[in-house]
Structures are given as C-alpha cells and as structure tokens.
K.L.:
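Quick one: the structure is below, questions incoming.
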Amino acid sequence: MGLLDSVFKKNISAAPQKPADVAKPVETKKEVKPVADKITVGYTHLSGCTGCTVALADNYAGLLTLLDKYVDLKYMPTLADARHIQKVDVSFVEGSVCINDKLAVEEIKETREKSAVVVALGGCACYGNITRFCRGGQQNQPAQEAYLPIGDLIKVDVYIPGCAPSPQLIRNVAVAAYLLLKGSPEQKALATAYLKPLMMAADKGTSACFCDLMTNVINQGLCMGCGSCAAACPVRAITHEYGKPQGERDLCIKCGACYNQCPRSWFSFDVVSAYESINETIMAALQ
Ligand code: SF4
Ligand code: SF4
C-alpha cells in the first residue's frame, strides 16, 4: 500500500482485496524487556539548570540504546513518575545543594544511602560552579544563600565535570558502570581503568577555578601550551599569551572543565594505553 493509499484509505490502482486478506487478525507480540541484567539507575536533581539532563538526552539514539540494553531507570523527576528516591546501583546527581533548603539536604543524604555508586554530574554537583556566586537576598526565598557541591555533604565516587558535561562522557560512564557491575573480568578491568581518573577527580576536592591551572600546572612547569584548557572553557575565559593560558577571572564560572581537560592534570597511562580497547568496547556496547 502506498502513501496515497494510506492517506485516502483506499487502493486506487490495485484489484479489489480478497475478504480473507482484510479479515486476517493482526498478530500482537508481547514485548519482552530483559531488565534482569540491567543496572538500576537514579537521577537526583538538585540546584541545577537541567543542562546536564539535556546533555544526557543529547546522546540521541545512544540514550535509547542505554535504556534498552543496560539501564533500568528507577528514579528521575524529569522523565519518570516515581516520586521518591529509589534504591539503585548508580545515582547521577545534577546540581549543588542549597543547605538552607532542608529537603535538598535530605535528598542528597538519601541518595547516598540508597546508591551503591554516586556520580556527580556536571560542574555544579562537582564544584558548585555558578552557584558559588549565590549570596541570597532574593525573593521569594531570601534566606537561600548557601550552596555547596555534593561532595561537601556526602562521599562521591565519580565526577563528570563540565558545564554542561559532554554527552559522550555521560554515556561512557554509564556503559563503564554497567561493565563494571555486570561485565566479564576483562570488561571490569577496562571499566576500572576508564573510571579511575574520574574517581581521582572526586577524591581531589570540591573547588575549581582557572587558578587550578596556574597553581597545579603552569607554576609547576608542566604546561606545554596545548590549548586544551581554552577549548574546554564554556565562557571563553581563557586566552593564550606567549603560548601560555591567560585567565579572565571575572568571566570564570568555576566549573573545573579547564583543569580536568588539561592533559597535564589527570594524564592517566591506564586510560591512554588502553584507549583503543576502551573505545572499541564502548562502541561495541552501543551497537
Ligand atoms: S591544557 Fe594544560 S598543558 Fe594545555 S595549555 Fe592549558 S594548562 Fe597548558
Ligand atoms: S576558566 Fe573556564 S573552564 Fe576553567 S573553571 Fe573557569 S569557567 Fe571553567
């Protein structure tokens, strides 16, 4: 049946259909969802702008593959109906915590209690980011003045920095978490190598700004002038002068992208030497 036929609901060229064809019942197939082997995932949304959610959605078909094959989404206020934080394998947390908001403080604590792995997703959850500039005094909650990265209230296992974080990084962490929890010993080893620098970032602390490059890279004689920091900065606060980064601190929103992107900060031989295998494994998983 062609397009016109379906639009006008009649076959304008073919011979009349046999009654038997018309009467044939349509077979309905019951969808089988192989949820048993999936990891369970939650998404706690605190003081964030939903940009991290959009970054997750920007995986397009990759997100559908994740949901289809690997992830059973138990809790996510934007996308699912569950009203209360659920017990899960992995929780992604977007946004920082307003410590003047009792509910937000309870939510982050409950997320930690109910999750085997907590991932701080995006600059606000990792480092406070733009919420570091909050001073309160605005209607209708003038007392809401203090915002902290989630690592100041709970133990965080993995950081995904960036404002917004890259869709590929979110996807890769989700696949790596799956391989870590459900994969073969080789896949677990690869996933561990991949996640290690992001776990080291979580251990390092909760503050970030352009100064990290100065104190930990440039002043240590480690900067090679590659420009990765400038490329990573979402607000173009970094220029290069005489081959070295120059920061415009009034522009810096304290997202931590530059330092984490710098190859002289978290350069991990584990990841770089296994890059091909890690990439192939993740790509194969998403087929
Ligand atoms: S990314 Fe690191 S090494 Fe490259 S220019 Fe910036 S500070 Fe220097
Ligand atoms: S300089 Fe740019 S990338 Fe670095 S922390 Fe500031 S805003 Fe983020």
K.L.:
Hydrophobic clustering (ILVMFWY, side-chain heavy atoms < 4.5 Å, transitive) - are Ile154 and Val158 grouped together?
P.N.:
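As far as the 4.5 Å side-chain criterion goes, Ile154 and Val158 are not connected within one cluster.
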K.L.:
Is it true that, when you exclude Gln138 itself, more than 12 heavy atoms of the residues, nucleotides or ligands shown sit nearer than 6.0 Å to its CD?
P.N.:
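Not buried by this count: 12 neighbours or fewer within 6.0 Å.
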K.L.:
Measure from the side-chain N and O atoms of Gln220 to the backbone N and O of Thr215, and report whether any donor-acceptor pair falls under 3.5 Å.
P.N.:
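Pair found, side chain donor or acceptor close to backbone of Thr215.
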K.L.:
Determine the minimum heavy-atom distance between Val118 and Lys155, stating which atoms define it.
P.N.:
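Distance-wise, the nearest heavy atoms are CB-O, 4.3 Å.
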K.L.:
When you measure from the side chain of Tyr75 to the backbone of Gln86, do you find a donor-acceptor pair of N or O atoms at a distance under 3.5 Å?
P.N.:
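No: the side chain of Tyr75 does not pair with the backbone of Gln86.
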K.L.:
Check for a donor-acceptor pair, side chain of Asn279 on one end and backbone N or O of Glu276 on the other, with a separation under 3.5 Å.
P.N.:
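Checked: no pair found.
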K.L.:
Flag yes if more than 12 heavy atoms outside Lys74 fall under 6.0 Å of its NZ atom; otherwise flag no.
P.N.:
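No, the 6.0 Å shell around NZ holds no more than 12 heavy atoms from other groups.
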K.L.:
For the pair Lys69 (side chain) and Gln287 (backbone), establish whether a donor and an acceptor sit closer than 3.5 Å, ignoring hydrogens and angles.
P.N.:
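Yes; at least one donor-acceptor contact below 3.5 Å.
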K.L.:
Could you go through Val173 and Leu198, starting from their C-alpha distance and side-chain angles, then the distance that decides it, and tell me whether this counts as side-chain contact (heavy atoms from CB on, under 4.5 Å)?
P.N.:
CA-CA 9 Å; Val173 168; Leu198 301 172; 3.6 Å; yes
K.L.:
Should we count NZ of Lys188 as having more than 12 external heavy atoms under 6.0 Å?
P.N.:
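More than 12 within 6.0 Å, yes.
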K.L.:
Is there side-chain contact between Ser96 and Leu148, with heavy atoms separated by less than 4.5 Å?
P.N.:
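Side chain of Ser96 against side chain of Leu148, heavy atoms only: no contact under 4.5 Å found.
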K.L.:
For the pair Thr50 and His45, evaluate side-chain contact (heavy atoms from CB on, under 4.5 Å) and give the outcome as yes or no after the intermediate values.
P.N.:
CA-CA 8 Å; Thr50 319; His45 199 150; 3.2 Å; yes
K.L.:
Would you mind reporting whether Met224 and Pro263 have side-chain heavy atoms less than 4.5 Å apart?
P.N.:
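SC-SC contact between Pro263 and Met224 confirmed.
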K.L.:
Quick check for you: to the nearest 0.5 Å, what is the distance between Cys262 atom SG and Asp212 atom CG?
P.N.:
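CG of Asp212 is found 10.5 Å from SG of Cys262.
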K.L.:
First locate atom SG of Cys124, then atom CD1 of Ile150, and finally report the distance between them rounded to the nearest 0.5 Å.
P.N.:
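Spacing of SG (Cys124) from CD1 (Ile150) equals 11.0 Å.
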K.L.:
Tell me, please, which residues at least two apart from Lys204 pass salt bridge (Lys or Arg N to Asp or Glu O under 4.0 Å).
P.N.:
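Per chain and number, Lys204 pairs via salt bridge (Lys or Arg N to Asp or Glu O under 4.0 Å) with no residue.
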K.L.:
Rounded to the nearest 0.5 Å, what's the gap from CD1 on Ile278 to OG on Ser273? Could you check?
P.N.:
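These two atoms lie 7.5 Å from each other.
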K.L.:
Out of curiosity, does Tyr147 fall in the hydrophobic cluster containing Leu153 (side-chain heavy atoms, cut-off under 4.5 Å, transitive links)?
P.N.:
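No, no single cluster joins them.
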K.L.:
Looking just at side-chain N and O atoms, do Asp89 and Thr40 make a donor-acceptor pair shorter than 3.5 Å?
P.N.:
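Short answer, yes.
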K.L.:
Should Leu179 and Thr281 count as side-chain neighbours, where that means a heavy-atom distance under 4.5 Å?
P.N.:
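Yes; the side chains approach each other to less than 4.5 Å.
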K.L.:
Can a donor-acceptor pair be found, under 3.5 Å and without considering hydrogens, that links the side chain of Thr65 to the backbone of Ala61?
P.N.:
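At least one qualifying donor-acceptor pair exists.
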K.L.:
Mind listing the side-chain donor-acceptor pairs of residues 234-260 below 3.5 Å, one per line with the distance, residues two or more places apart or on another chain?
P.N.:
| residue | atom | partner | partner atom | Å |
| --- | --- | --- | --- | --- |
| Asn260 | OD1 | Trp266 | NE1 | 2.9 |
| Asn260 | ND2 | Tyr127 | OH | 3.0 |
| Asn260 | ND2 | Gly256 | O | 2.9 |

K.L.:
In this structure, would Leu222 and Met214 fall into the same cluster of hydrophobic residues linked by side-chain contacts under 4.5 Å?
P.N.:
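Yes, same cluster.
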K.L.:
Please answer: with hydrophobic residues joined when any side-chain heavy atoms are less than 4.5 Å apart, are Ile160 and Leu46 in the same cluster?
P.N.:
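In one cluster: no.
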K.L.:
To check you understand the geometry: which heavy-atom pair defines the closest contact between Cys229 and Leu213, and what is its length?
P.N.:
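Taking Cys229 first and Leu213 second, the nearest heavy atoms are CB-CD1, 3.5 Å.
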K.L.:
Can you name the closest pair of heavy atoms from Val105 and Ile99 and give their distance?
P.N.:
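It is CG2-CA, 3.8 Å.
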K.L.:
Same cluster or not: Val119 versus Ile282, using hydrophobic residues (I, L, V, M, F, W, Y) connected whenever any side-chain heavy atoms lie under 4.5 Å apart?
P.N.:
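Yes, one cluster joins them.
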K.L.:
Taking all non-hydrogen atoms of both residues, which atom of Gln144 and which atom of Cys98 are closest, and how far apart?
P.N.:
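Smallest heavy-atom distance, with atoms named: CB-SG, 3.8 Å.
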K.L.:
State the CD1-CG distance between Ile170 and Leu121, to the nearest 0.5 angstrom.
P.N.:
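Going from CD1 on Ile170 over to CG on Leu121, the span is 4.5 Å.
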K.L.:
For the residue pair Ala177 and Val90, what are the closest heavy atoms and their distance?
P.N.:
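Looking at all heavy atoms of both residues, the closest pair is CB-CG2, 4.1 Å.
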K.L.:
Looking only at heavy atoms, which two atoms of Tyr159 and Cys126 are closest? And how far apart?
P.N.:
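Closest approach of Tyr159 to Cys126, heavy atoms only: OH-O, 3.1 Å.
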K.L.:
Given side chains that start at C-beta, do those of Pro149 and Arg132 come closer than 4.5 Å, heavy atoms only?
P.N.:
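In short, these two side chains touch, coming nearer than 4.5 Å.
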K.L.:
About how many Å separate CG of Leu286 and CG of Asp68, when rounded to the nearest 0.5 Å?
P.N.:
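So the gap between those two atoms works out to 11.5 Å.
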K.L.:
Checking Asn129 side chain against Thr131 main chain: does a donor-acceptor pair fall under 3.5 Å?
P.N.:
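Looks like no, no N/O pair under 3.5 Å.
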K.L.:
To the nearest 0.5 Å, what is the distance between CG on Asp37 and CG on Leu181?
P.N.:
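One finds 12.0 Å between CG of Asp37 and CG of Leu181.
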K.L.:
Go through it in stages, so that I can follow the logic: the residues are Asp58 and Gln168, the test is side-chain contact (heavy atoms from CB on, under 4.5 Å), and I'd like the CA-CA distance, side-chain angles, deciding distance and then a yes or no.
P.N.:
CA-CA 9 Å; Asp58 277 350; Gln168 291 85 352; over 6 Å; no
K.L.:
For Tyr43 and Thr53, what are the C-alpha separation, side-chain angles and deciding distance, and is it a side-chain hydrogen bond (donor to acceptor under 3.5 Å, both in side chains)?
P.N.:
CA-CA 9 Å; Tyr43 194 104; Thr53 306; 3.1 Å; yes
K.L.:
Okay, side chain of Asp72, backbone of Lys38: is any donor-acceptor separation there less than 3.5 Å?
P.N.:
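No; zero donor-acceptor contacts below 3.5 Å.
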K.L.:
State, without any angle test, whether Thr44 and Thr111 hold a side-chain donor-acceptor pair at a distance under 3.5 Å.
P.N.:
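Indeed, the side chains of Thr44 and Thr111 share at least one donor-acceptor pair under 3.5 Å.
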K.L.:
Who passes ring-ring contact (aromatic ring centres under 6.0 Å, His included) against Tyr178, sequence neighbours left out?
P.N.:
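For Tyr178, the residues satisfying ring-ring contact (aromatic ring centres under 6.0 Å, His included) (neighbours in sequence not counted) are Tyr70.
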K.L.:
Is it true that Arg112 and Asp157 have a side-chain N and a carboxylate O under 4.0 angstrom from each other?
P.N.:
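Answer for the salt bridge query: yes.
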K.L.:
Show the numbers, then the answer: is there a side-chain contact (heavy atoms from CB on, under 4.5 Å) between Thr78 and Glu94?
P.N.:
CA-CA 12 Å; Thr78 317; Glu94 173 178 347; over 6 Å; no
